[in-house]
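Down below is the structure, laid out as structure tokens.
For the single chain, residues carry numbers from 1 onward in sequence order.
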Amino acid sequence: MFSIKYKIKDEDINYGGHVGNERALLFFQMVRINFFESLGLSELNIGDNIGVIQRNSFVEYNKELFLDDEITIQITDIQLEKNKFNIYYEVYNQENKLAINGSTLLLPFSYTEKKLKRVPSIFKEKVEELL
């Protein structure tokens with residue numbers, strides 16, 4: 001559906017000599033930001049000046065990633081509902097093996113009103129064109 005390339009940097013490495021577990025959520029956010037931008041949107045405005053706020057996430061670690069690895073970070077699916085949507089991610093190592101997969105549950109949120117909203121129709125339309 002959408003992907004970016006990324007080269008593992010020093011700041012991604014933990015005391016064990018591989019990518020730290022917290023980096024998975026940063027990888028997910030990185031590809032999500034790029035995806036939204038490709039649609040002419042942002043995390044602060046997915047349409048109608050409504051942003052997103054993360055309710056929860058799931059991460060599964062399958063393989064280690066190391067300094068200077070060239071990885072592919074993908075959005076593989078988006079499941080839309082009225083008041084929320086799940087984005088599904090996969091991260092592949094340079095041997096094209098699944099290293100990390102997971103999802104984030106995002107809620108439409110008005111940062112000016114400080115309240116939850118419905119998924120904007122413009123966002124739904126743009127995503128449905130890609131599915």
Legend entry - Selection residues 116-127 - residue pairs positive for side chain to side chain donor-acceptor pair (under 3.5 Å), sequence neighbours left out: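 Counting only pairs at least two positions apart or across chains, the side chain to side chain donor-acceptor pair (under 3.5 Å) contacts touching residues 116-127 are E113-K117.
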Legend entry - side chain to side chain donor-acceptor pair (under 3.5 Å) contacts in which one or both residues fall within residues 33-52, not counting sequence neighbours: Q29-E43, R32-E43, N45-N49
Who are the side-chain hydrogen bond (donor to acceptor under 3.5 Å, both in side chains) partners of [X], not counting sequence neighbours?
{"X": "K97", "answer": "none"}
{"X": "E64", "answer": "H18"}
{"X": "T104", "answer": "Y89"}
{"X": "S110", "answer": "T112"}

Inset, instruction - Please identify each residue that fulfils ring-ring contact (aromatic ring centres under 6.0 Å, His included) with Y61, with sequence neighbours left out. - result: none
Inset, instruction - Kindly give the cluster partners of I33, where membership spreads through any ILVMFWY side chain lying under 4.5 Å from a current member. - result: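 Same cluster as I33: nobody, lone residue.
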Legend entry - All salt bridge (Lys or Arg N to Asp or Glu O under 4.0 Å) counterparts of D12, not counting sequence neighbours: R23
How many angstroms lie between atom [atom1] of [X] and atom [atom2] of [Y], to the nearest 0.5 angstrom?
{"X": "I73", "Y": "I75", "atom1": "CD1", "atom2": "CD1", "answer": "10.0 Å"}
{"X": "N93", "Y": "T72", "atom1": "CG", "atom2": "OG1", "answer": "9.0 Å"}
{"X": "N56", "Y": "S103", "atom1": "CG", "atom2": "OG", "answer": "7.0 Å"}
{"X": "I71", "Y": "Q94", "atom1": "CD1", "atom2": "CD", "answer": "10.0 Å"}

Inset, instruction - State whether the side chain of E70 and the backbone N or O of K7 hold a donor-acceptor pair below 3.5 Å, judged by distance alone. - result: no
Legend entry - Hydrophobic cluster identity match, L130 and V31, side-chain contacts under 4.5 Å: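 Yes.
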Inset, instruction - Is it possible for you to say whether I8 and I100 belong to one hydrophobic cluster, with membership spreading through side-chain heavy-atom contacts below 4.5 Å? - result: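 Linked within one cluster.
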Inset, instruction - Check side chain to side chain contact (heavy atoms under 4.5 Å, CB included) between L98 and all other residues, then give those that pass, not counting sequence neighbours. - result: N62, E90, Y92, N101
Legend entry - Residues which pass side chain to side chain contact (heavy atoms under 4.5 Å, CB included) with Y111, listed by chain and number, not counting sequence neighbours: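 L44, I53, F109, K114.
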Name every donor-acceptor pair, under 3.5 Å, that has one atom in a side chain of residues 80-88 and the other anywhere in the protein, sequence neighbours excluded.
| from | atom 1 | to | atom 2 | distance (Å) |
| --- | --- | --- | --- | --- |
| Y88 | OH | Q79 | OE1 | 3.3 |

